[in-house]
Amino acid sequence: MGSYAKALTYPGNATFADRSVGWLRDNGANDIVNTIENWYYTNNAPSAAAPPPEAIPKALPTAVPNGATLPVLTTKTTSGKSLPNEGRWVPGPLDLRGKPALYTSFIQPDKTHPSVIAGVALIRQSASSAHLVAGTRQPDTNTWPGNAAIPANDVSHLLATFNSGFKAKDISGGFYLNGQYSRDLIDGQASAVITTDGRIRIGAWNQDVWMTPGVTAVRQNLHLIVANGHPEPGLTNNADGTWGSAKNQLQYTWRSGLGIDSNGNLIYVAGGGLTLETLAKTLAQAGAIQGMELDIHYGQVNFSSWKSEGTTAVPTQLLPDMPNSADRYLNPDQRDFFYLTLK
């Protein structure tokens, strides 16, 4: 039981349940855990009723500045009625020129299950710089720069923080950060690539994106779920385990995804009760031309936008019922993650 005690006390943010399930997976019960999860999440579909009031974002939209190019978010449900302010963009923190660097919105992406709400964030990459941080346990326990938290000097410049992808043992892809590899980068794998200009590119490795002297970080996670502006075929079949373990794609669970639109903006989407197909459709609806799944399940999905108030930065979660605290990554975390700062 020494290894279990170590798992429960290892540095970094993780709940007792996450640590316990992780220990079971690492000690011969991975297939059993997958079977239980698949049964539970595929047999507990979201409600067909309207979402509860506490799950609906309360922020009221303000006027979107002239010249802003934002995708149109359709809001069709089985009842034909939209929620208040659904599909309308809310301008977020301002860049140095006084223009919003980030916009957020929400939609009901599943017409069969109107209780499901997906949050959408659009980040102008011309106004932001992206960073990837290794956790205390992911992608491995080797020595990485920093202390698995947002550097103190960057907190006052924060624009957004969000989760990364699956655990390293659950994917074949690799991880690269500032000249150090955790594992080899695999051809064809969906990759979030950060370059010296602070931008993130999304694409299949050595097909859409590749290693150059200007690459500072690469995070791979399964295969693309959106390509050329459309969800990839086969998302409901998952032939050959392209998108994770058997039937993973059919689970109704918390999911997150990251994409890029035709204007170079970064698109992040997340919500509870999403299947892989619904996640991909939400990314495409939000304007993503290339998109990948990030992490899934309760406790692993987290996005906050940050606004400076005096000498401090205050976070706001993308959805009011999003798991974990809004300031999660100010403290050392077991999982790797991304954060964005204002230029």
> Side chains of T278 and L276, heavy atoms from C-beta outward: is any pair under 4.5 Å?
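Of all side-chain heavy-atom pairs linking L276 with T278, none is under 4.5 Å.
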> Same hydrophobic cluster for L159 and F162, using side-chain heavy-atom links shorter than 4.5 Å among ILVMFWY?
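Both belong to a single hydrophobic cluster.
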> Is the side chain of N238 donor-acceptor paired with the backbone N or O of W243 at a distance under 3.5 Å, no angle test?
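Pair found, side chain donor or acceptor close to backbone of W243.
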> Please check this pair: side chain of D327 against backbone of L330, looking for a donor-acceptor N/O pair closer than 3.5 Å.
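Not a single qualifying donor-acceptor pair exists.
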> Are V90 and L73 linked, directly or through other ILVMFWY residues, by side chains that come within less than 4.5 angstrom of each other?
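Hydrophobic grouping puts V90 apart from L73.
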> Keeping the roles fixed (side chain from Q317, backbone from S304), state whether a donor-acceptor pair exists under 3.5 Å.
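Not at all, since once roles are kept as given, no pair shorter than 3.5 Å links the two residues.
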> Quick check against the 3.5 Å criterion: does S245 have a side-chain atom that pairs as donor or acceptor with the backbone of N248?
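It does not hold such a pair.
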> How far apart are the C-alpha atoms of Q138 and D336, what are their side-chain angles, what is the distance that settles it, and do they pass the side chain to side chain donor-acceptor pair (under 3.5 Å) test?
CA-CA 6 Å; Q138 296 296 321; D336 56 292; over 6 Å; no
> Verify the cluster assignment for Y252 and L235: are they in a single hydrophobic cluster under the rule of side-chain heavy atoms below 4.5 Å apart?
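Shared cluster, no.
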> Compare every heavy atom of I200 with every heavy atom of A130, then report the nearest pair and how far apart it is.
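Nearest heavy atoms, A130 then I200: CB-CG1, 3.4 Å.
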> How are the rings of Y329 and F337 set to each other: parallel, tilted or perpendicular (split at 30° and 60°)?
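Y329 and F337: parallel rings.
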> Determine, using the 4.5 Å side-chain heavy-atom cutoff (strictly less than), whether F338 and L224 are members of one ILVMFWY cluster.
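Linked, F338 and L224 end up in one cluster.
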> Tell me, yes or no, whether the heavy-atom count around N142 atom CG, taken from other residues, nucleotides or ligands under 6.0 Å, exceeds 12.
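Yes - once you tally the heavy atoms of other residues, nucleotides and ligands closer than 6.0 Å, there are more than 12.
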> Identify the heavy atoms of P100 and P91 that sit nearest to each other, and give their distance.
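Heavy atoms of P100 and P91 come nearest at CG-CB, 3.7 Å.
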> Among residues two or more places apart or on two chains, list those pairs meeting side chain to side chain donor-acceptor pair (under 3.5 Å) that have a residue in residues 177-186.
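For residues 177-186: D140-S182.
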> State, yes or no, whether a side-chain contact exists between I260 and Q125 at a heavy-atom distance under 4.5 Å.
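In contact.
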> Return the set of residues passing side-chain contact (heavy atoms from CB on, under 4.5 Å) with Q189 (not counting sequence neighbours), or none when no residue passes.
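Residues passing side-chain contact (heavy atoms from CB on, under 4.5 Å) with Q189: S172, I186, Q220, H223.
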> Between the main-chain N or O of P84 and the side-chain N or O of R88, is there a donor-acceptor pair closer than 3.5 Å?
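Such a contact is absent between R88 side chain and P84 backbone.
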> Can you tell me how far CZ of R97 sits from NZ of K99, rounded to the nearest 0.5 angstrom?
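Interatomic distance, K99 NZ to R97 CZ, rounded to 0.5 Å: 9.0 Å.
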> So which pairs with a foot in residues 126-149 pass ring pair (Phe, Tyr, Trp, His ring centres under 6.0 Å), sequence neighbours left out?
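Only H131-Y339, W144-F175 qualify under ring pair (Phe, Tyr, Trp, His ring centres under 6.0 Å).
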> Do V226 and I202 land in one hydrophobic cluster if side-chain heavy atoms of ILVMFWY residues count as linked below 4.5 Å?
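They do not share one cluster, since no chain of ILVMFWY contacts under 4.5 Å joins V226 to I202.
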> Answer yes or no: is there a donor N or O on one side and an acceptor on the other, between the side chain of W89 and the main chain of P71, under 3.5 Å?
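Side chain of W89 to backbone of P71: a pair is present.
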> So do the side chains of K281 and E277 get within less than 4.5 Å of each other, counting heavy atoms only?
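Touching, per the 4.5 Å side-chain cut-off.
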> Check A127 against A101 and note the closest heavy-atom contact, atom names and distance.
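Residues A127 and A101, closest heavy atoms: CB-CB, 3.9 Å.
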> First locate atom OG of S256, then atom CD1 of I296, and finally report the distance between them rounded to the nearest 0.5 Å.
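Between atom OG of S256 and atom CD1 of I296 there are 9.0 Å.
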> So which atom in S115 and which in P46 form the shortest heavy-atom distance, rounded to 0.1 Å?
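In this case the closest contact between S115 and P46 is OG-CB, 3.6 Å.
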> How far does CD of Q300 sit from CZ of R335, to the nearest 0.5 angstrom?
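Atom-to-atom, Q300:CD and R335:CZ are 4.5 Å apart.
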> If a pair satisfies side chain to side chain donor-acceptor pair (under 3.5 Å) and one of its residues is in residues 197-211, list it, with sequence neighbours excluded.
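Sorted pair list: D187-N206, T195-D197, T195-R201, D197-R201, D208-Q290.
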> Does a side-chain heavy-atom distance below 4.5 Å link M292 with L222?
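No. Closest side-chain heavy atoms not under 4.5 Å.
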> Do side-chain atoms of E54 reach the backbone of P320 as a donor and acceptor pair under 3.5 angstrom?
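Side chain of E54 to backbone of P320: no pair is present.
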> Rounded to the nearest 0.5 Å, what's the gap from OG on S191 to CG on N221? Could you check?
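Here the interatomic distance stands at 9.5 Å.
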> Do I117 and L319 touch side chain to side chain, with heavy atoms closer than 4.5 Å?
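Sidechains of L319 and I117: in contact.
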> Working note: H297 + Q251, criterion side chain to side chain contact (heavy atoms under 4.5 Å, CB included); need CA distance, chi angles, decisive distance, verdict.
CA-CA 9 Å; H297 293 332; Q251 296 179 11; 2.8 Å; yes
> Is there a donor-acceptor contact under 3.5 Å from the side chain of S129 to the main chain of G198?
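Checked: no pair found.
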> With a 4.5 Å cut-off on side-chain heavy atoms, are L279 and V269 touching?
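In contact.
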> Measure the CG-CD1 distance between L83 and I56 for me, rounded to the nearest 0.5 Å.
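Taking CG in L83 and CD1 in I56, the distance rounds to 4.5 Å.
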> Would you mind listing every side chain to side chain donor-acceptor pair (under 3.5 Å) that reaches into residues 264-274, with sequence neighbours excluded?
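Matches after skipping sequence neighbours: N163-Y268, D261-N265.
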> Between atom OG1 of T282 and atom CD1 of I107, what is the distance when rounded to the nearest 0.5 Å?
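Going from OG1 on T282 over to CD1 on I107, the span is 4.5 Å.
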> Work out which heavy atom in I123 is nearest to a heavy atom in S128; give both atom names and the distance.
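Closest approach of I123 to S128, heavy atoms only: CG2-OG, 3.6 Å.
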> Heavy-atom count check: over 12 atoms from other residues, nucleotides or ligands less than 6.0 Å from K343 NZ?
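Enclosed.
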> Which atom names give the shortest non-hydrogen contact between L102 and T104, and what distance separates them?
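That would be CD2-CG2, 3.5 Å.
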> Side chains of R328 and D333: does their closest heavy-atom pair fall under 4.5 Å?
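Side-chain contact under 4.5 Å: yes.
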> Using the side chain to side chain donor-acceptor pair (under 3.5 Å) rule, take W306 and T161 through it: C-alpha gap first, then chi angles, then the decisive distance, then the call.
CA-CA 8 Å; W306 293 72; T161 54; 3.2 Å; yes
> Under the rule for side-chain contact (heavy atoms from CB on, under 4.5 Å), what residues qualify as partners of A288, not counting sequence neighbours?
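Checked A288 against side-chain contact (heavy atoms from CB on, under 4.5 Å); matches are L283.
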> Tell me if a side-chain donor or acceptor on R124 pairs with a main-chain N or O of G264 at a distance below 3.5 Å.
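Not at all, since once roles are kept as given, no pair shorter than 3.5 Å links the two residues.
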> Do L266 and L258 come close enough that some side-chain heavy atom pair is under 4.5 Å?
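Sidechains of L258 and L266: in contact.
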> Which of parallel (below 30°), tilted (30 to 60°) and perpendicular (above 60°) describes W254 and Y298?
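W254 and Y298: perpendicular rings.
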